[in-house]
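Computed over heavy atoms, backbone and side chain alike; hydrogens, waters and symmetry mates excluded. Heads up: numbering here begins at 1 and tracks the sequence.
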Amino acid sequence: MATVPFRLWLLVPVAAAWAGVAVVLAELGRWHPAGALNPVFALTASATVPIALSTVPAAVLAAAGAAVFALLLALPGRTARDGGDPVRYWLSWRGLRPSIPVGRHAARYLLGIAAAGLAVATSGIGHPYWTFVTASVPMSAPDLPARLTRAAQRVIGTAAGLGVAALVLAAHPSSYAAIMVIAALQACTELTTGRNYSLGLVFFTPMALLLGDLMLPAPIGTLLTERALETVIGLTIALAATVITHERRTPTSRTPPRDHLLDHV
């Protein structure tokens with residue numbers, strides 16, 4: 001898609017379908033992180049940066065080589081506790097109905113990512129994949145309170161991260177210096193995100209901006225403004241999709257059923 005001039009419009013249906021399929025696969029495989037955040041990130045970051053068709057094989061080899069290298073680093077660190085029997089989980093086509101949690105989750109991604117695609121295709125934002133990623137973040141949470149919390153954390157962490165990004169970009173790191181800075185920020189992101197998402201974004205935001213500047217160079221003010229704008233657009237879309245697809249539960253009796261009581265014995 002990155003080789004065609006109308007890639008952003010093509011990305012609207014493709015990214016929406018990709019996200020819906022990724023959510024179902026994530027549920028089947030019990031992926032961590034949950035949801036379609038990483039697949040959407042990979043697709044949109046690759047498809048929105050224009051490249052020549054002749055460079056696609058080199059890009060594929062680079063991505064495959066990076067994946068193999070990551071596995072070679074990760075597999076030796078496995079312990080005996082990591083190798084238990086996998087938990088089997090079967091999902092039928094009936095489970096994909098919008099009235100079923102998995103189907104509703106897939107519908108949420110289809111709606112949210114399609115809306116994000118329309119937003120980036122019509123707005124002309126300089127780094128359009130940021131909107132897709134931001135929209136994916138709250139939708140990956142398991143329920144409405146968690147999605148609202150994740151959205152608030154995104155705003156707080158991004159705001160603080162933009163301040164750090166301004167300092168990093170003002171130093172104008174280039175070549176090997178930029179690679180070392182990105183590696184350090186990535187390590188800090190991995191060490192902190194699992195404990196506090198907002199804190200992780202303090203490191204992730206300048207890393208994303210530095211990567212974005214390497215791919216599509218732009219003035220510092222423009223990068224910071226676009227990041228803030230795309231955060232607002234992406235979160236607005238995610239929250240709207242969450243509200244539209246949220247399950248409306250009818251009031252039930254205060255007395256739990258017998259099976260529910262036994263679960264707590």
Side-chain angles (χ1 to χ4, degrees), residues 1-26 31 33-53 55-56 59-60 62-64 66-67 105-141 147 150-151 154 158 161 182 186 189 193 201 204-218 222-223 225-242:
M1 286 190 292
T3 66
V4 299
F6 52 91
R7 56 187 171 278
L8 292 183
W9 289 106
L10 180 61
L11 197 56
V12 175
V14 173
W18 176 261
V21 172
V23 166
V24 175
L25 293 177
W31 290 355
L37 173 58
N38 283 338
V40 168
F41 191 177
L43 170 67
T44 57
S46 301
T48 54
V49 179
I51 61 172
L53 184 60
T55 63
V56 171
V60 172
H105 201 32
R108 182 178 303 113
Y109 266 97
L110 285 168
L111 177 63
I113 297 303
L118 289 173
V120 300
T122 56
S123 64
I125 297 175
H127 295 79
Y129 74 91
W130 288 345
T131 302
F132 287 99
V133 174
T134 301
S136 300
V137 169
M139 293 191 294
S140 63
R147 294 180 194 117
R150 185 58 62 88
R154 183 79 178 187
T158 299
I182 290 171
Q186 177 66 45
T189 300
T193 301
L201 283 171
F204 177 80
T205 300
M207 181 188 69
L209 289 175
L210 187 53
L211 282 170
D213 187 49
L214 292 175
M215 292 187 297
L216 296 173
T222 301
L223 282 173
T225 301
E226 287 181 348
R227 182 67 172 186
L229 177 61
E230 290 170 354
T231 296
V232 173
I233 295 174
L235 290 179
T236 301
I237 290 171
L239 293 178
T242 293

>> A side-chain contact here means heavy atoms from C-beta on lying under 4.5 Å apart; do Phe132 and Leu11 qualify?
In response: yes

> Roughly how far, to the nearest 0.5 Å, is the OG1 atom of Thr158 from the CG atom of Leu235?
Replying inline: 7.5 Å

> Looking only at atom types and distance, does a side-chain atom of Tyr109 sit under 3.5 Å from a main-chain N or O of Ser136, one as donor and one as acceptor?
Replying inline: yes

>> Please report the interatomic distance CG(Leu111) to CD1(Ile237), rounded to the nearest 0.5 Å.
In response: 9.5 Å

> With a 4.5 Å heavy-atom cut-off, do Trp9 and Thr122 have their side chains touching?
Replying inline: yes

> Between OG1 of Thr134 and CG of Leu37, what distance do you get to the nearest 0.5 Å?
Replying inline: 9.5 Å

>> For a quick test of reading the model, state the closest non-hydrogen atom pair linking Gly161 to Pro206 and the distance between them.
In response: O-CD, 3.7 Å

> Side chains of Arg154 and Pro138: closer than 4.5 Å at any heavy-atom pair?
Replying inline: no

> Of the non-hydrogen atoms in Ala119 and Ile233, which two are nearest, and what is the gap between them?
Replying inline: CB-CG2, 4.0 Å

>> Are Thr44 and Ile113 packed together at the side-chain level, in the sense that at least one heavy-atom pair is separated by less than 4.5 angstrom?
In response: no

>> Looking at every non-hydrogen atom in both residues, tell me the closest pair between Ala26 and Gly35 and how far apart they are.
In response: CB-O, 3.7 Å

>> If you apply the rule side chain to side chain contact (heavy atoms under 4.5 Å, CB included), what do you find for Val24 with Val21, and how did you get there?
In response: CA-CA 5 Å; Val24 175; Val21 172; 5.8 Å; no

>> Within this structure, what is the CZ-CG distance for the pair Arg227 and Leu209, rounded to the nearest 0.5 Å?
In response: 5.5 Å

> Can you name the closest pair of heavy atoms from Ala151 and Leu239 and give their distance?
Replying inline: CB-CD2, 4.1 Å

> Minimum heavy-atom separation for Gly20 to Ala106, with atom names?
Replying inline: O-CB, 4.2 Å

>> Rounded at 0.5 Å granularity, tell me how far CG in Leu210 sits from CD1 in Ile182.
In response: 4.0 Å

> Taking the six-membered ring for Trp, are Phe204 and Phe41 parallel (under 30°), tilted (30 to 60°) or perpendicular (over 60°)?
Replying inline: perpendicular

> Where do His105 and Arg147 come nearest, in terms of heavy atoms and distance?
Replying inline: ND1-NH2, 4.3 Å

> Going from CD on Glu226 to NE2 on His127, what distance comes out if it is rounded to the nearest 0.5 angstrom?
Replying inline: 6.0 Å

>> Would you say that Leu43 contacts Val40 through its side chain, given a criterion of any heavy-atom pair below 4.5 Å between the two side chains?
In response: no

